[in-house]
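Here is the structure we will look at.
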There are 2 protein chains.
Amino acid sequence: MAGRGGYAKGIAKREEILLTALDVIARHGYRGASVKEIADAVGLSQAGLLHHFDSKEHLFVEVLRRRDELDTATALAAFAERGVGGALDAFVDVMRSNAEVPGLVLLYSALAVEAADPAHAAHAYFRERRGMFRAALSGGIRQMQADGDVDAALDPDTLATAIHALADGLQVHSLIERDLDMARVIEHVVGAMSPRDASEEPSTP
Amino acid sequence: MAGRGGYAKGIAKREEILLTALDVIARHGYRGASVKEIADAVGLSQAGLLHHFDSKEHLFVEVLRRRDELDTATALAAFAERGVGGALDAFVDVMRSNAEVPGLVLLYSALAVEAADPAHAAHAYFRERRGMFRAALSGGIRQMQADGDVDAALDPDTLATAIHALADGLQVHSLIERDLDMARVIEHVVGAMSPRDASEEPSTP
DNA sequence: ATTAGAAACCGAATGGCGTACGGTATTCGT
DNA sequence: ACGAATACCGTACGCCATTCGGTTTCTAAT
């Protein structure tokens, strides 16, 4: 069991662990990010670290959950400021900035695959996350279709599924091909989805 | 070291191991596919199994290499028969049939992430494979642009990168969302890339 | 048909892994 | 200042991939 909702010291330590875990992953790779390595990095024994989290898996999932909170806040703010088109831009921006957090893409991709096992702590996380994400994305696409920014002939749900998969696939590829500009690829593809008569070529209006 | 190029018995056993490995992955998941499990399934000790392959990683990479040989043969045959457009169809077909091999998508996705580690046996494999695959794909796209089947305003290299990432991302997603029709999504996206004046509907409904 | 050497295979051991358990020390509301 | 909840540790367990030395089996050359 994890010592949840405890003393100030414990809360601070838990926070430190979450931050340090990403650091260790960035430096040692996902395989090298053992409980011992992370425990050493925060000055705890292995048992001491596992006191704060149910398991190593749960710790990692918690790291992603924290990141999600930041990201959705950013996206919602962009939506409030700039509307639907701004939200899609914000999505690309979030992806761009997350790609610069060392270890984060590695952790996300690794867990996304491990989550295939229904017994894995990340299974439920990814299931619900994908539902939420795709619902929001397809909603945004529908709005953009109404605004004439996306071809109305395309199916919003299928498109949302595709963009989400594209984003995750690019992350996996970027692990090896480190100069891969994910945001640029996505922007290019999304640009191809806009109605041809409206934009693309600046011919006489 | 591996007992390569040996007696008939060894060659047969190695083949059996490669087939059985996929079976074990399908039944026990990637995490459950330990050397012991696979060794038991083929009637060997762990040491006996490792005699045939340099490591567990190398064994898994070999499974993927074999599959690639089959797939490229299929794709080349389709190209010879049906030309460039047929090759893209063949690519989708190959994806569709591979998705029905239990364990294969799981193995591929798991290794694709583990290959982030330069020391991993799959690192070189995925590096070279992506180069080949994208070169072929972008070449095909260029041809289809010349034929008027793909919008000429799109960048072939970027598009090839996107489609490849999309395919891999869909595979990861399908691990959890098992009713996800990957081929359908890809066909829908590819259909959206065709010139608008040419076809009214983006793809077959 | 024999034989020498390569290949196939095994038992046991090694070091690392995540985690469960029992116990001690620290914290902090009361 | 008390005591229960929390923080933390040493130890141990079972599983993992891999290594090593040794034995059996195969087969090509004699």
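Note that the structure is predicted; figures quoted are calculated from it, not measured. Below, chain A is the first sequence line, B the second, and so on; all start at residue 1.
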Do R142(A) and D157(A) sit within salt-bridge range, that is, some charged N less than 4.0 Å from a carboxylate O? yes

Given dC9(C), is OP1 or OP2 found less than 4.0 Å from the side-chain N or O atoms of H51(B)? no

Rounded to the nearest Å, what distance is computed from the CZ atom of residue R31(B) to the P atom of nucleotide dG18(C)? 12 Å

With a cut-off of less than 4.0 Å, is there a side-chain N or O of H52(B) near OP1 or OP2 of dA7(C)? no

Using atom NZ of K13(B) as one end and atom P of dA7(C) as the other, report the distance to the nearest whole Å. 19 Å

Interatomic distance where OH belongs to Y7(B) and P belongs to dC9(C) [whole Å]: 12 Å

Over how many whole Å does the gap from I11(A) atom CD1 to dA7(D) atom P extend? 8 Å

Round to a whole Å and report the spacing from NZ of K36(A) to P of dT19(C). 16 Å

Give the intermediate values and the outcome of side chain to side chain contact (heavy atoms under 4.5 Å, CB included) for residues F60(A) and Y108(A). CA-CA 9 Å; F60(A) 283 159; Y108(A) 176 85; over 6 Å; no

Which is true for L49(A) with a 4.0 Å heavy-atom rule: it touches a base, it touches only sugar-phosphate, or it touches nothing? nothing

Test your reading of the model: is there a side-chain donor-acceptor pair from Q145(A) to the backbone of L154(A), 3.5 Å cut-off? yes

Any side-chain N or O of S34(A) less than 4.0 Å from the OP1 or OP2 oxygen of dC17(C)? yes

Which nucleotide, dT27(D), dT19(C), dC9(D), lies nearest any side-chain atom of L44(A)? dC9(D)

Where each residue is assigned the nucleotide of DNA chain C containing its nearest heavy atom, which of K9(B) and A47(A) is assigned the position nearer the 5′ end? K9(B)

Round to the nearest Å and state the distance from Q46(A) atom CD to dG16(C) atom C1'. 10 Å

How close or far is atom P of dC16(D) from atom CD1 of I38(B), stated in whole angstroms? 11 Å

Just the rounded figure in Å: distance from C1' of dC16(D) to NZ of K56(A). 13 Å

May I ask you to evaluate whether R14(B) reaches the phosphate of dA8(C), defined as a side-chain N or O under 4.0 Å from OP1 or OP2? yes

With the threshold set at 4.0 Å, does a side-chain nitrogen-carboxylate oxygen contact exist between E62(B) and R66(B)? yes

Say whether, by atom type as modelled, one donor and one acceptor occur between the side chain of Q46(A) and the main chain of V35(A) under 3.5 angstrom. no

